[in-house]
Amino acid sequence: MAPRRPDGVGAFPKAVEPPAPKRPDPDSLYAALDLGTNSCRMLIAQPKGSQFHVVDSFSKSVGLGQGLGGSGRLSRSSMARTIQALRICKRKLAKHDVGHMRLVATEACRRATNSRDFMRIVERETGLSLEIIKPEEEAMLAVISCAPLVSTRTEQLLVVDIGGGSTELVWIDLSAVPPLERPRSIMRLRTGFKGDLGPFPTARVVDWISVPLGVATLREAYDDVDDDSARFALMSWYFEEQLGGFSPFHRENNREGFQIIGTSGTVTTVAATHLGLKRYDRNKVDGLRMTSDQIDRVIRGYLAAGPEGRRADPRIGRDRQALIMSGAAILQALLRIWPTDRLSVADRGLREGLLYAQMSSDGVLEDGPF
């Protein structure tokens, strides 16, 4: 056998195991869970600069509010589906040993007469303690989640969160805020829509409203209308009628300096269709700006396709095809009242707002640009 060369050339290489990825410090992890009328969704993240890095996530359609409009109660089957989803969330929280969390429920649990009983069952079966938040807090959290998408040129801002059981609208006047401070002034609204916001330039909430109609509840209200186009038109006009108490409904608005930010599965699905995506890509959708005409073309395409065509469209899917039209009806009503060439698409919402609010309150986000 030839002697081994001293420089090691020709010798078998040593196996080198890559170091195991460093596990995040549990105390640096934050979780946000949003139990809505239609879905159960959770994010686990850690702060990173002025943003956060997602460590784990979960999303499942549970239909918690199914049949709620007729009975006023959460059904046994919908509660069972939801508890199964919450068990998965509990396992993920335990796996990452999350140090900070906020777990909330919204419209379905606000409306159901048996929601308190359901909360007790959830805690007994999963060990999770959920809180039912008020509409104003839900609206506020949706608004601050969208802070990074606010343009420095925006003087009047409308944030719209189309949920499963309700739709929140918040109108914000930014005209007194220096342009570069406008996105950050939105983040300061985490303390609430009223009250002293301190010495900083202030984003002023002109008005806000929570309409108890979302994609699931609006569709359920017109379930007996067979004609697809007629049902869509009725839903859109009915939603518009609910906005009479919202003060900006009665004002003329200059398109210049006006921005709408839409956060919901409806808005992101419309954006994906507009882009012609074969597969959904959050990086292409979140922050996309669309005009009223572009949105109108997508909605007319949905109507022309009909229920079967929408069901076969991979960007919509079989589960969402009925709900996309009630969401589109809400979106069309809003653009009929406030036409704009600057609707920003937000693939973000209550969960992200919960994370930003927790991290910002704890002072773990850097005070820098978004």
Side-chain angles (χ1 to χ4, degrees), residues 32 34 41 43 45 47-54 138-163 167-175 177-190 193 201-206 208 253 255-272 274-275 277 280-292 294-295 327 330-331 334-335 338-357 359-360 365-370:
D34 166 19
R41 295 177 290 187
L43 285 177
K48 186 177 183 182
S50 60
Q51 299 278 325
F52 54 76
H53 166 69
V54 175
E138 183 178 359
M140 179 268 290
L141 290 165
V143 166
I144 66 170
S145 77
C146 295
L149 301 182
V150 175
S151 169
T152 55
R153 292 181 294 144
T154 297
E155 296 193 345
Q156 301 295 323
L157 173 69
L158 175 62
V159 177
V160 181
D161 181 13
I162 306 172
T167 298
E168 280 68 46
L169 284 76
V170 185
W171 191 289
I172 301 167
D173 183 351
L174 293 165
S175 58
V177 182
L180 293 178
E181 277 293 309
R182 286 171 184 170
R184 189 154 298 285
S185 72
I186 297 294
M187 184 68 78
R188 296 190 189 107
L189 292 172
R190 71 180 187 277
F193 288 159
T202 302
R204 185 175 68 87
V205 175
V206 175
W208 73 277
N253 196 58
R255 286 197 191 197
E256 192 63 35
F258 173 54
Q259 180 184 8
I260 297 180
I261 299 179
T263 168
S264 72
T266 295
V267 182
T268 56
T269 301
V270 166
H274 165 67
L275 292 172
L277 299 181
Y280 186 80
D281 185 341
R282 183 184 187 276
N283 292 327
K284 292 180 179 176
V285 170
D286 186 51
L288 176 73
R289 191 167 289 175
M290 297 183 70
T291 67
S292 299
Q294 289 169 335
I295 293 167
I330 292 171
L331 192 55
L334 297 173
L335 292 173
W338 300 290
T340 180
D341 292 331
R342 298 172 65 202
L343 185 143
S344 298
V345 179
D347 186 348
R348 55 186 69 213
L350 184 54
R351 293 175 303 167
E352 288 82 358
L354 286 163
L355 289 172
Y356 276 133
M359 293 176 183
S360 189
L365 292 178
E366 288 181 8
D367 189 22
F370 281 106

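Throughout, residue positions are numbered sequentially from 1 according to the sequence presented.
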Can you tell me if Thr340 and Gln259 form a side-chain donor-acceptor pair at under 3.5 Å?
-> no
If every non-hydrogen atom of Asp341 is compared with every non-hydrogen atom of Ser292, which pair is closest and at what distance?
-> OD1-N, 4.4 Å
How would you list all residue pairs meeting salt bridge (Lys or Arg N to Asp or Glu O under 4.0 Å) that involve residues 149-158, not counting sequence neighbours?
-> none
Shortest non-hydrogen contact from Ile162 to Gly327?
-> CD1-O, 4.2 Å
side-chain contact (heavy atoms from CB on, under 4.5 Å) between Thr263 and Cys146: does it pass, once the steps are laid out?
-> CA-CA 8 Å; Thr263 168; Cys146 295; 4.3 Å; yes
Begin with the C-alpha distance, continue with both residues' side-chain angles, and end with the deciding distance and a verdict on side-chain contact (heavy atoms from CB on, under 4.5 Å) for Thr167 and Val160.
-> CA-CA 7 Å; Thr167 298; Val160 181; 4.1 Å; yes
Thr268: what forms a side chain to side chain contact (heavy atoms under 4.5 Å, CB included) with it, not counting sequence neighbours?
-> Tyr280, Val285, Val345, Asp347
Are any non-hydrogen side-chain atoms of Leu141 and Arg351 less than 4.5 angstrom apart?
-> no
Answer whether the closest heavy-atom distance between the side chains of Arg204 and Ser175 falls below 4.5 Å.
-> no
Interatomic spacing from OG1 in Thr269 to CG in Leu331 - rounded to 0.5 Å = 11.0 Å
Which atoms form the tightest heavy-atom contact between Ala346 and Leu149, and what is the distance?
-> CB-CD1, 3.6 Å
Between atom CD1 of Ile186 and atom OG of Ser145, what is the distance when rounded to the nearest 0.5 Å?
-> 11.0 Å
Got Val206 and Ile172 here, is their nearest side-chain heavy-atom distance under 4.5 Å?
-> no
Here the gap from Ile261 atom CD1 to Asp161 atom CG, rounded to the nearest 0.5 Å, amounts to 12.0 Å
Does Leu174 offer a backbone N or O that forms a donor-acceptor pair with the side chain of Arg182 under 3.5 Å?
-> yes
Nearest 0.5 Å please: distance from the OG atom of Ser344 over to the CG atom of Asp286.
-> 9.5 Å
Please report the closest heavy-atom contact between Ala45 and Phe52, naming both atoms and the distance.
-> CB-CD1, 3.7 Å
Quick one: does Leu343's side chain get under 4.5 Å of Arg289's, heavy atoms only?
-> no
Do any N or O atoms from the side chain of Thr154 and from the backbone of Val150 form a donor-acceptor pair under 3.5 angstrom?
-> no
Mind running side-chain contact (heavy atoms from CB on, under 4.5 Å) on Arg348 and Tyr356 for me, showing each step along the way?
-> CA-CA 11 Å; Arg348 55 186 69 213; Tyr356 276 133; 4.1 Å; yes
Heavy-atom pair of closest approach, residues Met359 and Leu365 | CB-CG, 3.7 Å
Mind checking salt bridge (charged side-chain N to carboxylate O under 4.0 Å, His left out) for Asp34 and listing every partner two or more places apart, or none if nothing turns up?
-> Arg41
Can you sort out the partners of Ala139 under side chain to side chain contact (heavy atoms under 4.5 Å, CB included), two or more places apart, ordered by chain and number?
-> Glu168, Val170, Phe193, Trp208
Give the intermediate values and the outcome of side-chain contact (heavy atoms from CB on, under 4.5 Å) for residues Leu169 and Val159.
-> CA-CA 6 Å; Leu169 284 76; Val159 177; over 6 Å; no
For the side chain of Arg188 and the backbone of Thr202, is there at least one donor-acceptor N/O pair under 3.5 Å apart?
-> no
Apply salt bridge (charged side-chain N to carboxylate O under 4.0 Å, His left out) to Arg342 and list each qualifying residue two or more places apart in sequence or on a separate chain.
-> none
Glu138 meets the salt bridge (charged side-chain N to carboxylate O under 4.0 Å, His left out) criterion, sequence neighbours left out, with Arg110
Quick one: does Glu181's side chain have a donor or acceptor within less than 3.5 Å of a partner on Pro178's backbone?
-> no
Verify, without hydrogens or angle tests, whether Glu352 (side chain) and Gly349 (backbone) share a donor-acceptor contact under 3.5 angstrom.
-> yes
Would a 4.5 Å heavy-atom cut-off, applied to side chains only, mark Leu288 and Leu275 as touching?
-> yes
Identify the two heavy atoms, one from Leu158 and one from Trp338, that lie closest to each other, and give their separation to 0.1 Å.
-> CD2-CE3, 3.7 Å
